[in-house]
Structure formats: structure tokens, C-alpha cells
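So that the names make sense, note that chain A is the first sequence line, chain B the second, and so on, each numbered from 1.
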Amino acid sequence: MSDATFAIVAAIAKILLVWAIALAALLPNLVWAERRGAGMIQDRPGPNRVGPFGLFQAVADVIKLFMKEDVTPLYVDRLLYNLAPWITMMPALVTFAVIPFGSTFPVTLGGVTRDVPLIIADVNIGILYIFAFASLGIYGIVLAGWSSNNKYSMMGGLRASAQIISYELSMGFAAAATFLVAGSLRLPAVVEWQQAHVWNVVPQFVGFLIFLIAVFAETNRLPFDLAEAEAELVAGFHTEYSAFKFGMFFMGEYANIIAASGLVVTLYFGGWSLPGIAFTGVWGAIASIAVFFAKTLVFIALFIWVRWTLPRFRYDQLMDLGWKVLLPLSFFHLIVVAAFVAAK
Amino acid sequence: MSLELVVFAIASGLAIASALAMVVVKTPVRSVLSLVLTFFALAVLSVLLAAPFIAALQVIVYAGAILVLFLFVVMLLNLTQEAEGHDERPIQRVLGLIAVVAIGGLLLGVTLKAGAPPVPPAGGPIGVATDEIPILGRLLFSDYLLAFEALSVLLLLAAVGALILSKRRFD
């Protein structure tokens, strides 16, 4: 097998592995975890009838969503109305490509051993690729709101666009500090730096907090789900969606949570590495994947925990927090980090 | 036919088609979206030229930020359909056509005269491209320092100007 064929086969295998873990294994259980977590926090059982501990609730939900009548209201912009749920799914699916999810996996084929780095595409613009697709994902929500031909949906879409623009900047500046110390935009380089020195969360705790808050806003999760805001806007941007298309918005949200958690882990918590442990060989590679998975799960749990703990922000508070607190703070943080890097 | 040629054909075709759609389509929101598609296709072309950094900036700044603001304004003003029929502007149309032909001919002439395009640096497209970011950064802060600083002052002025205009009371 030539190097080129091997690279293609390895890439396809990695894509399948990542999607299998993130979408087939994690995503359905996330719905279950969210609903059971909500029950736990609100002192009620939550869904517990379908299967042991209600584990098959997600299956039942999906079947229900498939079976329901798909209502398309009159006077919607049909093309955009149907396209919007797909646009919401897309960025989450492609973001996984540049997040390193393990060390290197040795493969011996025909007497030649090749080390396969466990990342789908190690591009030299790493984080910019993620930001590029994250900023495109917003179109799904905005278009859903606009094409529905409904005042409340429109308000939701408007809010979403303003919100994402406001928090994108702080997120970018916070993340930039981690790349400044690593000296590269490649995510594997960030992980290697943290492996060699210290997890970024320790020296850059402020940056971590900014990034985490901005990520909550970017994924449209409570306390920043102003685009949905069911108390004011019925259901915001997806008021007019039903059945499978509504389900796609849900899946998009959860896929985004998984991707965002993976990104937080990679940037601030050492990615797949653990201090003092070298992951080598086949078992090392598998262990490193497990480590990355476990760390990501912690942040997914945090997403759920926060959702059922904090109340929703008011719109003016959201804007104040984004522009008057997070943005100046992230500027300041970046300058301080840059000064330290320059002084070294 | 190489894979790169196929990608180039698809991306450039998409860019031209969506650019046309941007002008022709009557609904402003769809116009904005066609422009997003154009920028995305242009970003793909940048990747083919082994310039992934430019591609990422194109998507982040233009498709991801500026056009979201366009969309925001279009939605805020609730422009659903372009007003039709009023003011056909006959002179402007003729002048526009002349300008299009002149600029198009100029571009065509320059392209034909330039001959074969330079070969992109070895290493190929995204993934294995040379790290261009340090080079770009160094150039920005040495050779192009004046232009860079002037641009940032210009942006600051624009922001301050917009703020003053929006805060001015009409009394």
C-alpha cells in the first residue's frame, strides 16, 4: 500500500471513528443525560420508563420525531426554510476534523510501521478553520428565523445574529492567547505545549473563563439562549418547525455542545494528554482517546448543569456582558499574555 | 484530469453563478446569501492556491461577520421584496453596461497578455502548505507597517464616526 492510499484510508477510518463516537454513541445519550439531569436538578425523576433508567428514551424521541407530521406553514420561504436545519448541523460536523482526539496510533502493514496521528486533518490554520465554520453556523438560526415568516421567529433570528457577532470576538481573543504561547495555530501544537509545560487553564484562568462564557453564547445555550427565549418568543427561531426538521435543530445544538466541549478541553485542559504520562503504542493511543473522551464528558456535564441552574439573561444584560466586560477583558488578557511571551 | 482541476471548476463555477444570483435575485435576504456563497467559493479557490490562511480570513471576516451584519440590517428593516417598476434609470443602465464591457475587456486583455499563471509553491493545498502566518505577520509589521497602521486608524475613525452619527439627536 502506497503512502497516498494509506493516508486516504487512514483519514476515512478516522472520520468514521470520530463520527461514530460523537454522533452515534454520544449524541443520543446526551439527550437522555440532559433530561435526566434536568430531573435530578429539579428534584423529579425525569424520563425513566423506556428501558433501564429510561436509557432508550432518546430512541423513542427520535422515532416520534420521524413519525410526526411535518408541517410547513404557508407563506414561508420554502428553499431557505428547508435549508436552515441543515446549515445548523454542518459546522458541528466539520469542526471535529481539526481537534486532536488522541496521541499517535502505530499501524503495521506489510512490514512497514506508520504512526497515524489521531486527528483527521492537521491543517496549519487549525483554530481559524473552527472559527470560520462556527461563524457560518449562525446562518442556520438566522435563516430559520427569517424564512419562517413569523414575528417571533424573526426576533429570535435577529437576536442570534447580534449575539454571535458580539461573543465571537471575545472567544477569538481568548483562544488567541493559547496559540500565542504555543507559537502555532495548529491545535496539536497547543496540546504538545501543554504536555511539555502546564495546562493552559492554570496560567490563563481568566482566558479560560472568557472562552467558556463565550462558548455558551455561541452554542445558544442557557443562560444565553435568547434566540429561543420561550418565555417571550414562543420558541424563537424554530417556532414554525416541527417533526424531523425541529429534531435537526436539536441534534445540531447537541453536536455543537460536543464540539465545543472538545475544543475547551483541547485549548485549556491538555487535550488527550495527562501530565507525566507518555501515551505510546496501541494501548497508549486507545488510552489517550479515552482520556480525551472523559475530559470532554466533564464539560458536556457542565453544559447541562449550567442550563438547569442559571436563569436566562435579559437582552441588554447579554449585550453589556459581551461588549463592556468580556471584550475589554479579553483584550487585556491577550496583551498581558503577549507581554509574558515577549519577555521570555 | 487532476482532482485540483475538478475542485477548481466546481468552486469557480459556483462563485460565478452565485455572484450572478446576488445581482439578479429579487429578495434581499437571498441576495446576501448568494454573496455568502460567493465568498465561500472564493475561499475554496484560495485553498487551492495553497493559501489556507487567506481562505480562513475570507470566511471569518466576510462570510461570517460582515455578511451577518448585512443580513441583520436587511432583517431589521424587514425588506422582503425589492420595489419594482419605479424609476427605470435608463441612462444609468447604459452607462453601467459600458462600464461592465470596458472593465471586462480590460480584465480579459490583462489575463490573456499575462500568459501562463505562476505555478503555486510545491507542497500543494491545505494540510501540507508551508506555514505562511509568520511570514505574513512579519511583512505586516515591517514592509507594510504604514499601510497597516493607516488602515487601523481608518477603521477606528469609521467606528467613532458611526457612533457620533447614531448618537446625534435631531433637534
Find the distance between [atom1] ([X]) and [atom2] ([Y]) and round it off to the nearest 0.5 Å.
X       : Y       : atom1 : atom2 : result
F40(B)  : L136(A) : CZ    : CG    : 6.0 Å
I138(A) : L67(B)  : CD1   : CG    : 13.5 Å
I60(B)  : Y129(A) : CD1   : OH    : 12.0 Å

Counting heavy atoms not belonging to [X], are there more than 12 under 6.0 Å from its [atom1]?
X       : atom1 : answer
Y315(A) : OH    : yes
F179(A) : CZ    : yes
L155(B) : CG    : yes

Subject >> Closest heavy-atom pair and its distance - A132(A), A56(B) >> reply: CB-O, 4.3 Å
Subject >> Nearest heavy atoms of F72(B) and L158(A), plus distance in Å >> reply: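 Scanning both residues completely, I find the closest heavy atoms to be CE1-O, 3.4 Å.
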Original post:
What part of I165(A) lies closer than 4.5 angstrom to a heavy atom of chain B: side chain, backbone, both or neither?
Top reply: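 For I165(A), the side chain is the part near chain B, not the backbone.
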Original post:
Where on L79(A) is there a heavy atom nearer than 4.5 Å to chain B: the side chain, the backbone, both, or neither?
Top reply: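 Both parts, backbone and side chain.
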Subject >> Contacts of type side-chain contact (heavy atoms from CB on, under 4.5 Å), residue I66(B), not counting sequence neighbours >> reply: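 So I66(B) forms a side-chain contact (heavy atoms from CB on, under 4.5 Å) with V61(B), Y62(B), F70(B).
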**OP:** Going by the side chain to side chain contact (heavy atoms under 4.5 Å, CB included) test, name the single residue among V68(B), L69(B), L71(B), V73(B) that passes it with S161(A).
**Re:** V68(B)
Original post:
Given a strict heavy-atom distance threshold of 4.5 Å, which part of L33(B) is in contact with chain A: side chain, backbone, both, or neither?
Top reply: side chain
Subject >> Those residues of residues 95-103 of chain B, ordered by number, that approach chain A below 4.5 Å (heavy atom to heavy atom) >> reply: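 Within residues 95-103 of chain B, near chain A: nothing under 4.5 Å.
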Subject >> Selection from S147(A), A162(A), G172(A) maximising heavy-atom pairs under 4.5 Å formed with chain B >> reply: A162(A)
